[in-house]
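Note sheet for the following structure.
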Protein chains: 2
Amino acid sequence: MGIPTVERSRAVEDYVKAIHAIADDGGDRSVGTTALASHLGVTPASASGMVRKLATLGLASSSPYRGVTLTDDGEGLALSILRRHRLLETFLAQRLGIPWDRVHAEAEVLEHVLSVELEAAIANNLGNPDRDPHGAPIPRSDLTVEEQQTFPLDQLAEGDRVRFVRIPDERPEMLRWLAERGIAPGVEIELKRREPFGGPLTAAINGREHQLGVELAAAIRVEYL
Amino acid sequence: MGIPTVERSRAVEDYVKAIHAIADDGGDRSVGTTALASHLGVTPASASGMVRKLATLGLASSSPYRGVTLTDDGEGLALSILRRHRLLETFLAQRLGIPWDRVHAEAEVLEHVLSVELEAAIANNLGNPDRDPHGAPIPRSDLTVEEQQTFPLDQLAEGDRVRFVRIPDERPEMLRWLAERGIAPGVEIELKRREPFGGPLTAAINGREHQLGVELAAAIRVEYL
DNA sequence: AACAAGAGTTAGGCATGCCATAATCTCATC
DNA sequence: GATGAGATTATGGCATGCCTAACTCTTGTT
């Protein structure tokens, strides 16, 4: 679940934010201790300790010597902080006329303190925007982490390269069809062509091209690389 | 000075707030350790320790076994917190439609975190109000503590009972005049009558009535009892 | 004036939270 | 299988702020 029931301490939230930011940046899912440490201005030892704490809180999972990854809870927390941050920036600038160069610093503080009600009230006051004035997306609070990060295959544009994530498991016959062609979670997919008017999609998977019907394509959830 | 250059920790601000609240309440300037402690839900020992800290921070002065008093710095901090609190309550309710019973709790948190710029922006957005929607005064940020708490004698209404605070010391002849009549800082004054059109004021002081010219009355600063 | 009771204080500890240094360990790569 | 970068532990420090227990004031009563 993306709803953070977890304790909220400034440091914890900052670590989660940092992990999210670095992971997103490199496209890499796993974040190194040293990178994390230098991003936060602490020693690797400190980061290492904090990562252990994040793990006990259920926010991150770390195979030692192998880097950190946010769990779904952690990812949810990161997205919720990001949401608060962008909502705050937008609100401070648009409603209170705070200059844009100051807005970030203010949001940095308030994002850790904003209550759920206040967040909702601010979002509402702004008309529940999807994006901040810079065009950056504001994560939604009513979607699970997966829903925020994955998309139905049929919503892609030609040329998009993505990774297969999953199929809603109520569709075993689709799973079987895919399995027969070696299409399993993790494989990369490149959308080659989409026929107009709901026609089939052509996608390159494992070096071979496949035709996928719209219904199937709509069920397949993928994430961008 | 009322401008808090001091470090801002949640606990320190809460103690200062509490001392201010209790002192104001009883009309008493000096606050007992036990009252303070029970107001904050801690033991007297804890309060005692914290009071010592407030003293080293220059926010309070405590003669041991004799109660705590806020210094001008402390009073300034208390007023500035109160200002932020009331501004926030007003803003949350009027601009964000947060219900009144919620507003207090939100403000309780945000008041400790609001930057000077944001405070100014909010005040501005609300039209720099003097009072919150409940009619409670919002302390001003551009006045010294004394200016917030004392008033020129000539601004009082008939029947007001006040205490003499001071005379601007550039007026030694006034001081002398007052001294001859035993009117010194601390004595109580009750305004009996004011003649219309800038005529003299009649005030009971030390059990005797005196006539005070408007110029003199305007120079005398008093505080309400 | 003595004293009891209540208020206040100090001393000593504990818990939390977070960071640092130093030493050691792991893993990928040569 | 040696090596070096990266990661981890062990240990300790510092800051906050709280508590209990034992002691000391102050004050009102007798």
Side-chain angles (χ1 to χ4, degrees), chain A residues 4 6-19 22-23 25-26 28-70 74 77 81 108-109 111-113, chain B residues 4 6-19 22-23 25-26 28-70 74 77 81 108-109 111-113:
Chain A
V6 202
E7 188 203 336
R8 272 171 71 173
S9 98
R10 172 80 195 242
V12 164
E13 295 198 345
D14 278 339
Y15 271 91
V16 168
K17 259 180 67 176
I19 296 171
I22 300 171
D25 203 59
D28 227 340
R29 283 267 149 269
S30 179
V31 173
T33 304
T34 307
L36 181 55
S38 82
H39 187 282
L40 289 165
V42 299
T43 62
S46 301
S48 201
M50 198 55 162
V51 162
R52 199 180 323 125
K53 178 174 181 175
L54 294 183
T56 73
L57 290 174
L59 296 172
S61 71
S62 72
S63 32
Y65 296 100
R66 202 63 53 102
V68 209
T69 314
L70 290 179
L77 178 56
I81 298 169
E108 203 71 22
V109 175
E111 67 187 9
H112 299 292
V113 153
Chain B
V6 201
E7 189 202 337
R8 270 169 73 170
S9 99
R10 174 78 194 240
V12 164
E13 294 198 345
D14 278 340
Y15 271 90
V16 168
K17 261 179 68 176
I19 295 172
I22 300 171
D25 205 57
D28 228 340
R29 284 266 149 268
S30 180
V31 172
T33 304
T34 305
L36 181 56
S38 83
H39 187 282
L40 290 165
V42 300
T43 61
S46 302
S48 201
M50 197 54 162
V51 161
R52 199 180 322 125
K53 177 174 183 176
L54 294 183
T56 75
L57 290 175
L59 296 172
S61 70
S62 72
S63 30
Y65 297 99
R66 202 66 50 104
V68 208
T69 314
L70 292 179
L77 178 56
I81 298 169
E108 204 71 24
V109 175
E111 67 186 10
H112 298 293
V113 151

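When reading the values below, keep in mind they use all heavy atoms of this one structure, side chains included, and skip hydrogens, waters and symmetry mates. Everything numeric here is computed off the predicted structure, so don't read it as measured data. To find a chain, count down the sequence lines: A is the first, B the second, and so on, and within it residues start at 1.
Side-chain contact between B:Thr33 and B:Val51 is absent, with no heavy-atom pair separated by less than 4.5 Å. No side-chain heavy atom of B:Glu111 sits less than 4.5 Å from a side-chain heavy atom of B:Glu13. Using a 4.5 Å heavy-atom threshold, the side chains of A:Lys17 and A:His39 count as separate.
Among the heavy atoms of the strands, none lies under 4.0 Å from B:Gly67. Across all strands, B:Thr33 comes closer than 4.0 Å only to sugar-phosphate atoms, never to a base (heavy-atom distances). In this structure, A:Ala11 reaches the sugar-phosphate backbone alone: every heavy-atom distance under 4.0 Å involves primed, P, OP1 or OP2 atoms, never a base.
Taking atom CZ of residue B:Arg52 and atom C1' of nucleotide D:dG17, one finds them 13 Å apart after rounding to whole Å. At whole-Å resolution of the value, NZ in A:Lys53 and P in C:dT16 are 10 Å apart. Spacing between atom CG of A:Leu54 and atom C1' of C:dG17 amounts to 13 Å, rounded to whole angstrom units. Look at CD1 on B:Ile22: it is 14 Å from P on C:dA7, rounded to the nearest Å. Going from atom CG of B:Leu57 over to atom C1' of D:dG17 covers 14 Å, rounded to whole Å.
Distance from the side chain of A:Ser9 is smallest to C:dC18 among C:dC18, C:dA11, D:dA7. Which of D:dT9, C:dC25, C:dC19 sits closest to the side chain of A:Tyr65 comes down to C:dC25. Side-chain proximity of A:Met50 to C:dT9, C:dC18, D:dT8: nearest is C:dC18. The listed nucleotides are C:dC19, C:dA11, D:dG6; the one nearest the side chain of B:Ala45 is C:dA11.
Phosphate proximity of D:dT16 to B:Tyr15: absent, as no side-chain N or O sits under 4.0 Å from OP1 or OP2. The phosphate of D:dG17 (OP1 or OP2) has no side-chain N or O of B:Ser46 nearer than 4.0 angstrom.
Heavy-atom minimum distance, A:Val31 versus A:Leu36: CG1-CB, 4.2 Å. Nearest heavy atoms, B:Ser62 versus B:Val68: CB-CG1, 4.2 Å.
With values rounded to the nearest 0.5 angstrom, B:Met50 atom CE is found 5.5 Å from B:Leu54 atom CG. Annotation: the span from A:Arg10 atom CZ to A:Asp14 atom CG amounts to 5.0 Å, rounded to 0.5 Å.
For the segment residues 35-44 of chain A, the set of residues with a heavy atom within less than 4.0 Å of an atom of DNA chain D comprises A:Pro44, in numerical order.
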